[in-house]
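Let me give you the structure first, and then I'll get to my questions.
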Amino acid sequence: MKPRVPASVSEEYESLYQSLKDAVNVPGNIGLAARDAFRLAQSHYNKDFEYALPPLKYLPTMANENITGEIEKISNMTARLKRELPHMKRETENIIGALEKLAEVALREDKREYHGLARAFIRFMQREDQILYPAAILIGDLIEAKAELEGQKLAQLHA
């Protein structure tokens, strides 16, 4: 089971991914271009839901709630994202390239729904790369810093 992330992000991603998966079955050039994009997106999608996007679910509650029980889990995910970020960015570039080809084919064949799908998926991938990944990393860093600060305060109280 995939960890929950904010509904707007996860639902949008799931919808785009499922639509791309469905486009694979379209006959002709659309299906061929969709297969190329989907092949590249598959592994990336799984990584996103495994460790890149789950830390985002903590953003709304970070200031108000104690999440110390989750610190190690979040820290492990964000540490992995930091290590994998260069590779994830290369994957994103390759996926965007394949989606651009799908958009071109769809435009040539006057298949506006597939052009729209490709453009929407490209925008999502760009937002993921420019906003969501950095936000997830910052969440991990902030949670670790907050836990360290709270640990220091506890140590001072017991001294």
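Residue numbers run from 1 in the order of the sequence given. No experiment lies behind these values; they were computed from the predicted model shown.
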- Among pairs that include at least one residue of residues 125-140, which meet salt bridge (charged side-chain N to carboxylate O under 4.0 Å, His left out), considering only residues two or more places apart or in two chains?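 Passing the test, one end in residues 125-140: Glu12-Arg127, Lys89-Asp129.
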- Query: Between CG of Leu53 and OH of Tyr13, what distance do you get to the nearest 0.5 Å?
  - Reply: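 Between atom CG of Leu53 and atom OH of Tyr13 there are 7.0 Å.
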- Rounded to the nearest 0.5 Å, how far does CD1 of Ile139 lie from OH of Tyr58?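 Reported value, rounded in 0.5 Å steps: 10.0 Å.
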- Which residues satisfy the side chain to side chain donor-acceptor pair (under 3.5 Å) test with Ser75, sequence neighbours excluded?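 Partners of Ser75 by the side chain to side chain donor-acceptor pair (under 3.5 Å) criterion, ordered by chain and then number, come out as Glu144.
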Side-chain polar contacts of residues 23-36 - donor-acceptor pairs under 3.5 angstrom, sequence neighbours left out - could you list them?
from  : atom 1 : to     : atom 2 : distance (Å)
Asn29 : ND2    : Glu109 : OE2    : 3.1
Arg35 : NH1    : Val24  : O      : 2.6

- Task: First locate atom OG of Ser10, then atom NZ of Lys57, and finally report the distance between them rounded to the nearest 0.5 Å.
- Result: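 Nearest 0.5 Å value for the OG-NZ distance: 11.5 Å.
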- Message: Applying salt bridge (Lys or Arg N to Asp or Glu O under 4.0 Å), can you list everything that pairs with Asp22, at least two apart in sequence or on another chain?
- Response: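 Partners of Asp22 under the salt bridge (Lys or Arg N to Asp or Glu O under 4.0 Å) test: none.
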- Could you pull out the closest heavy-atom pair between Glu91 and Ser43, with the gap in Å?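 Taking every non-hydrogen atom into account, OE2-OG, 4.4 Å.
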- Query: Atom OG1 in Thr92, atom CG in Leu85: separation rounded to 0.5 Å?
  - Reply: 8.5 Å
- Message: Go through it in stages, so that I can follow the logic: the residues are Asn76 and Tyr51, the test is side-chain contact (heavy atoms from CB on, under 4.5 Å), and I'd like the CA-CA distance, side-chain angles, deciding distance and then a yes or no.
- Response: CA-CA 8 Å; Asn76 289 338; Tyr51 59 85; over 6 Å; no
- Using modelled atom types only, decide if a donor and an acceptor are shared between the side chain of Ser15 and the backbone of Glu11 within a distance under 3.5 Å. no
Anything under 3.5 Å between a donor and an acceptor, one on a side chain of residues 93-101, the other on a protein residue two or more places apart or in another chain? List them.
from  : atom 1 : to    : atom 2 : distance (Å)
Asn94 : ND2    : Arg90 : O      : 3.4

- Message: Once salt bridge (charged side-chain N to carboxylate O under 4.0 Å, His left out) is applied, what residue pairs with a partner in residues 111-120 remain, sequence neighbours excluded?
- Response: Asp110-Arg112
- Query: Hey, are the side chains of Glu50 and Met77 touching, using non-hydrogen atoms and a 4.5 Å cut-off?
  - Reply: no
- Message: I'd like to check the side chain to side chain donor-acceptor pair (under 3.5 Å) partners of Asp141; sequence neighbours left out, ordered by chain and number.
- Response: Lys82
- Task: Can you sort out the partners of Arg108 under salt bridge (Lys or Arg N to Asp or Glu O under 4.0 Å), two or more places apart, ordered by chain and number?
- Result: none
- Item | Reported CG-to-CD1 distance for the pair Leu142 and Ile74, which is rounded to 0.5 angstrom | 10.0 Å
- Item | Trace of the side-chain hydrogen bond (donor to acceptor under 3.5 Å, both in side chains) decision for Tyr133 with Asp48 | CA-CA 9 Å; Tyr133 291 161; Asp48 280 337; 2.6 Å; yes
- Message: Within the 4.5 Å heavy-atom criterion, are Phe121 and Leu102 side-chain neighbours or not?
- Response: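 Not touching, per the 4.5 Å side-chain cut-off.
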- Task: Report the residues that fulfil side chain to side chain donor-acceptor pair (under 3.5 Å) with Tyr114, sequence neighbours left out, ordered by chain and then residue number.
- Result: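 Tyr114: no side chain to side chain donor-acceptor pair (under 3.5 Å) contacts found.
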- Query: Can you name the side chain to side chain donor-acceptor pair (under 3.5 Å) partners of Arg39, sequence neighbours left out?
  - Reply: none
- Query: Listed by chain and number, what are the side-chain contact (heavy atoms from CB on, under 4.5 Å) partners of Ala79, not counting sequence neighbours?
  - Reply: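 Once residues adjacent in sequence are excluded, the partners of Ala79 under the side-chain contact (heavy atoms from CB on, under 4.5 Å) criterion are Arg83.
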- Kindly compute the distance separating NE2 (His44) from CD (Glu84), expressed to the nearest 0.5 Å.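 Answer for the NE2-CD pair, His44 versus Glu84, is 11.5 Å.
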- Message: Under the rule for ring-ring contact (aromatic ring centres under 6.0 Å, His included), what residues qualify as partners of Tyr17, not counting sequence neighbours?
- Response: Phe38, Tyr45
- Item | Note, Leu16 side chain near Leu20 side chain (heavy atom, < 4.5 Å) | no
